[in-house]
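So the structure is just underneath, and the comments pick up after that.
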There are 2 protein chains.
Amino acid sequence: MKIDGIDKKIIRSLVKDARTPILSIAREVGISGAAIHQRLRKLEKSKLIDGYHMKINQSSIGYTTTSFVGIHLEPTAVLSSIIKRLKEIPEVVESHYTTGNYSVFVKILNKNNQDLMRVLETKIQQINGVSKIETFVSLQQQIDRQIHI
Amino acid sequence: MKIDGIDKKIIRSLVKDARTPILSIAREVGISGAAIHQRLRKLEKSKLIDGYHMKINQSSIGYTTTSFVGIHLEPTAVLSSIIKRLKEIPEVVESHYTTGNYSVFVKILNKNNQDLMRVLETKIQQINGVSKIETFVSLQQQIDRQIHI
DNA sequence: CCTGAAACTCCGTGATT
DNA sequence: AATCACGGAGTTTCAGG
């Protein structure tokens, strides 16, 4: 998959605002809307584009606490069933299987510290196969962006 | 800010696909396009909506390695200047100031393990005030979603 | 908070270079 | 891989219930 300068302009424009009309990108770039349309179709087909998503301001709906939880597993634990249980916890927004100290590493969002405690104690800690967890609460997020093209 | 069932339907639809036409949401919900348009304006004004973004498939552009890096700071380190330096590293996509073992916790994307090593050694480790770092490489990501409304 | 209608803008496609 | 042309859709605004 080759990406030229025009493709990059299209991508940067839609990464910034996914609802930008194709025609306004066309005017900016200096080629026709139909051409932008064709390129976008190709980019979508190539799987370079994962989708277009509205981003919700989590704190505006009361989710003010972001945390990372390192999860140590018991030797007999089965990863796939752990993941299945994690998916059932709506507060869990990311889950990774990692090298290093932990086995599973998750990002969770909560309304407040009490809500965080509830999820840790009554949800994550209760999953069969979880032995020990370690929690890092984000006091402030300073960077949040995508990889730059 | 009150969110009713119609607002939720609008939000869910645009979280899934930010380019969904307002009119098609209108047909789904059963009210006029103008009404959806008005509600969306209000949601945008209320700051509940953080934006609409194209999501790039990072691995399709060669960024196949995701890692989390816990950064220990020297007692004299100044957070704001550390953050400033981190922002200059394009591979750093998230940065948090956290409780727990670390002081700063970042998510970084790399093309491969060698590229990861380069960024750790020649970029992050070189920042003035950084004492020790600990890296967790994601071998697999199983969950990636937004908080559910 | 909704609607319908008008004016405007955009989308998607087919024919063409 | 770009262009033009065009009919169908979508967006935005506004007067009105």
Side-chain angles (χ1 to χ4, degrees), chain A residues 1-63 111 144-149, chain B residues 1-63 111 144-149:
Chain A
M1 185 65 203
K2 281 189 296 187
I3 306 284
D4 68 9
I6 293 178
D7 292 323
K8 286 184 187 174
K9 283 183 182 175
I10 297 170
I11 291 167
R12 290 199 194 109
S13 171
L14 292 171
V15 164
K16 198 193 292 176
D17 180 3
R19 287 182 77 82
T20 311
I22 288 175
L23 280 178
S24 99
I25 300 173
R27 284 188 294 268
E28 190 118 344
V29 173
I31 63 176
S32 72
I36 302 286
H37 182 261
Q38 276 180 28
R39 282 168 174 269
L40 200 47
R41 282 281 158 282
K42 204 193 291 181
L43 289 170
E44 283 165 356
K45 261 198 177 168
S46 81
K47 307 292 178 200
L48 186 139
I49 296 174
D50 239 1
Y52 306 90
H53 305 281
M54 173 193 278
K55 191 169 168 204
I56 297 165
N57 180 335
Q58 48 183 76
S59 68
S60 80
I61 54 166
Y63 284 79
K111 292 186 184 264
D144 185 9
R145 60 190 181 195
Q146 288 203 50
I147 194 76
H148 183 258
I149 293 213
Chain B
M1 184 66 203
K2 281 190 297 188
I3 306 284
D4 68 9
I6 293 178
D7 291 323
K8 286 183 186 172
K9 283 183 182 173
I10 297 171
I11 292 167
R12 289 200 194 106
S13 171
L14 292 170
V15 165
K16 198 194 290 176
D17 179 2
R19 287 181 76 81
T20 311
I22 287 175
L23 276 179
S24 98
I25 299 172
R27 284 188 293 267
E28 189 117 345
V29 173
I31 62 177
S32 73
I36 301 286
H37 182 260
Q38 279 177 22
R39 282 168 174 269
L40 201 48
R41 282 280 158 285
K42 203 194 293 181
L43 290 170
E44 282 165 358
K45 262 198 178 169
S46 81
K47 307 294 179 200
L48 188 141
I49 296 173
D50 239 1
Y52 306 90
H53 304 282
M54 173 192 276
K55 192 169 167 199
I56 297 164
N57 181 335
Q58 50 183 76
S59 68
S60 81
I61 54 167
Y63 285 79
K111 291 186 184 266
D144 187 8
R145 61 189 179 194
Q146 288 203 50
I147 193 76
H148 183 259
I149 293 213

Item to check | CA sep, side-chain torsions, deciding dist, call: R39(B), D4(B), side-chain contact (heavy atoms from CB on, under 4.5 Å) | outcome: CA-CA 10 Å; R39(B) 282 168 174 269; D4(B) 68 9; 2.9 Å; yes

Checklist outcome for this item: Taken in chain and number order and not counting sequence neighbours, the residues that satisfy side-chain hydrogen bond (donor to acceptor under 3.5 Å, both in side chains) with S24(B) are none

Item to check | Results of salt bridge (Lys or Arg N to Asp or Glu O under 4.0 Å) for K111(A) - residues two or more places apart only | outcome: none

Checklist entry - Is the side chain of Q146(B) donor-acceptor paired with the backbone N or O of I56(A) at a distance under 3.5 Å, no angle test? => result yes

Next on the checklist: So if I take the C1' atoms of five pairs at each end of the helix from dC1(C)-dG17(D) to dT17(C)-dA1(D) and get each local axis, what angle do the two axes make, rounded to 10 degrees?
Outcome noted: 30°

Next on the checklist: Please list, in numerical order, the residues of residues 46-53 of chain A that have a heavy atom closer than 4.0 Å to any atom of DNA chain C.
Outcome noted: none

Kindly list each side-chain donor-acceptor pair under 3.5 angstrom involving residues 8-17 of chain B, sequence neighbours excluded, with atom names and distances?
unit_1 : atom_1 : unit_2  : atom_2 : d
R12(B) : NE     : I149(B) : O      : 2.7
R12(B) : NH2    : I149(B) : O      : 2.7
D17(B) : OD1    : R19(B)  : N      : 2.9

Checklist outcome for this item: The side-chain contact (heavy atoms from CB on, under 4.5 Å) partners of E44(A) (sequence neighbours excluded) come to L40(A), R41(A), I49(A), Y52(A)

Checklist entry - Residues in side-chain hydrogen bond (donor to acceptor under 3.5 Å, both in side chains) with D50(B), at least two apart? => result none

Checklist entry - Rounded to the Å, how far apart are L40(B) CG and dC2(C) C1'? => result 16 Å

Checklist entry - When you check the phosphate oxygens OP1 and OP2 of dG12(C), does a side-chain N or O of H37(A) lie under 4.0 Å from one of them? => result yes

Checklist entry - Looking at side-chain heavy atoms only, is the closest gap between I61(A) and M1(B) below 4.5 Å? => result no

Checklist entry - Of the residues in residues 5-25 of chain A, which ones touch DNA chain D at a heavy-atom distance under 4.0 Å? => result R19(A)

Item to check | First and last nucleotide of DNA chain D, 5' to 3', lying under 4.0 Å from heavy atoms of chain A | outcome: dA1(D) to dT11(D)

Dump the pairs, protein N or O against N or O of nucleotides 3-8 of chain C, anything under 3.5 Å, distances to one decimal.
unit_1 : atom_1 : unit_2 : atom_2 : d
dT3(C) : OP2    : S32(B) : N      : 2.6
dT3(C) : OP2    : S32(B) : OG     : 2.7

Next on the checklist: Run the side-chain contact (heavy atoms from CB on, under 4.5 Å) test on L48(A) and I3(A) for me, step by step, so that the C-alpha distance in whole Å, both residues' side-chain angles and the decisive distance to 0.1 Å come before the verdict.
Outcome noted: CA-CA 10 Å; L48(A) 186 139; I3(A) 306 284; 3.5 Å; yes

Checklist outcome for this item: Across all chains, not counting sequence neighbours, the salt bridge (Lys or Arg N to Asp or Glu O under 4.0 Å) partners of D144(A) are K55(A)

Side-chain atoms of residues 28-38 of chain A: list all donor-acceptor pairs with protein atoms under 3.5 Å, sequence neighbours left out, distances to 0.1 Å.
unit_1 : atom_1 : unit_2 : atom_2 : d
S32(A) : OG     : A35(A) : N      : 3.2

